[in-house]
2 protein chains.
Amino acid sequence: MADIKKRSGCPVSSSLDIWGDKWSLLIIRDLMYAKQCTYGDFLKSEEKIATNILASRLETLEATGIITRLEHPDSKAKVLYKLTQKGIDMLPILMEIYFWGEKYFVLSDQHKAFLKDVKKDKEGFIKRTNEKLKKAI
Amino acid sequence: MADIKKRSGCPVSSSLDIWGDKWSLLIIRDLMYAKQCTYGDFLKSEEKIATNILASRLETLEATGIITRLEHPDSKAKVLYKLTQKGIDMLPILMEIYFWGEKYFVLSDQHKAFLKDVKKDKEGFIKRTNEKLKKAI
DNA sequence: ATTTGCACTTGCAAAACGCAAGTGCAAGAT
DNA sequence: ATCTTGCACTTGCGTTTTGCAAGTGCAAAT
């Protein structure tokens, strides 16, 4: 692992070279909600990622500077994962995916309420969340 | 093919179920630039997608209503692919990926110029591009 | 000293990917 | 009318990635 080869000079392509798969953005989503997660927290998510896939995604996300691993204050056996600024900067991407999904999928009431709230002030929400996550770094 | 199974009720997850891979968004990118592409046009892109992968991605993007296939006016042997409104609506996602990529990758002068132009009026650019692509439907 | 919890690893079968070559049909050239 | 070219895929096959289940290693609790 370590070197991710770029297929082209296109920034979209280079982005997908890092997190263009079915799982990476879900890990980032979890970290946007929770600020910090343990390995076990990710496994609890509804989509049920396999443990080996999780380990490999965490590895590339850390290698590419999108997340950081740090010690849990309570125990050496636990590990905390957090977003770096590079990861936090993916929030606008994630939000646009939410908005697109809102338009083309049937949402739970919970997701509906969340997005309704966000859309009252999209820029403001992104700014506030950015601040909130920045504090956790 | 046909049925894409949703891993969860999360709109991000459901979106990734459709186009969460290294190629689908590049096809959509090409269509945002070109309005309409033939099979051969996609193959010309810098990233060099394999022909079988292209065929399979075009199939799922069509099956999920993101693109449409239509006859080429010049010849029956050619096929034209275009974005549907559902596909056009992915433009904001694509643009945020561009912005993120701009911040974290080294860009060509061409991409730099493109993004500089876009950022002068992000909302306006998206609106204009939306209109332009809508006409092509 | 033993068990439990947490973060991974490992093994293996199944699916997806990537490359090269092949196929089928339409249109243009001879 | 026949032959060739162009275009849109399809097929075969070796390699890689995925997904599931079980296992490992270490720290902390009992």
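Protein chains get the first letters and strands the later ones, always in sequence-line order, with residue 1 at the start of each.
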- Message: Rounding to an integer number of Å, can you tell me how far B/Lys22 NZ sits from D/dT18 P?
- Response: 8 Å
- Write down the distance between NZ (A/Lys5) and P (C/dC17), rounded to a whole number of angstrom. 16 Å
- Query: Quick one: is A/Arg69 getting a side-chain N or O under 4.0 Å of the C/dC8 phosphate, OP1 or OP2?
  - Reply: yes
- Rounded distance in Å - CG (B/Leu43) to P (C/dA21): 16 Å
- Given D/dA27, D/dG19, C/dC19, which nucleotide is nearest the side-chain atoms of B/Asn52? C/dC19
- Please determine if B/Asp41 and B/Lys44 form a salt bridge, counting it only when a charged side-chain N lies under 4.0 Å from a carboxylate O. yes
- Could you check B/Asp41 against A/Asp74 and say which one's nearest nucleotide on DNA chain D is further toward the 5' end? B/Asp41
- A/Ala77 or A/Lys48: which one's nearest nucleotide on DNA chain D is closer to the 5' end? A/Lys48
- Message: For B/His111 and B/Ser108, which I'm curious about, is there any donor-acceptor pair between the side chains at under 3.5 Å?
- Response: yes
- Task: Classify the side-chain pair A/Asp21/A/Ser24 by whether it contains a donor and acceptor separated by less than 3.5 Å.
- Result: yes
- Task: Give the nucleotide from the list C/dA26, D/dC20, C/dA7 with an atom nearest to the side chain of A/Val79.
- Result: C/dA7
- Message: Tell me the interatomic distance from B/Glu47, atom CD, to C/dC17, atom P, rounded to whole angstroms.
- Response: 16 Å
- Distance in angstrom units between B/Trp19 CH2 and C/dA16 P, rounded: 19 Å
- Query: How many angstroms lie between atom CZ of B/Arg57 and atom CD1 of B/Ile49, to the nearest 0.5 angstrom?
  - Reply: 6.5 Å
- Message: Closest approach to the side chain of B/Lys76, judged atom by atom: which nucleotide of D/dC20, D/dA27, C/dA26 is it?
- Response: C/dA26
- Item | Aromatic centroids of A/Tyr98 and A/Phe114 separated by under 6.0 Å | yes
- Here the distance between atom C1' of D/dC20 and atom CZ of B/Arg7, to the nearest Å, is 16 Å
- Task: Tell whether A/Thr51 reaches the base of C/dT9 with its side chain through a donor-acceptor pair below 3.5 angstrom.
- Result: yes
- Counting only side-chain N and O atoms of B/Trp23, is one of them less than 4.0 Å from OP1 or OP2 of C/dG18? yes
- Query: Reckon B/Tyr39 has a side-chain N or O less than 4.0 Å from the OP1 or OP2 of D/dT10?
  - Reply: no
- Note on the structure: Atom NE2 of A/His72 and atom C1' of D/dC26 are separated, to the nearest Å, by 16 Å
- Query: Under 4.0 Å: is that the gap between some side-chain N or O of A/Tyr81 and OP1 or OP2 of C/dC8?
  - Reply: yes
- C/dG18 C1' sits how many Å from B/Phe42 CZ, rounded? 19 Å
- Item | Any A/Arg57 side-chain nitrogen or oxygen under 4.0 Å from OP1 or OP2 of D/dT18 | yes
- Query: Taking the side chain of A/Lys78 as heavy atoms from C-beta outward, which of C/dC6, C/dT9, D/dG19 is closest to it?
  - Reply: C/dC6
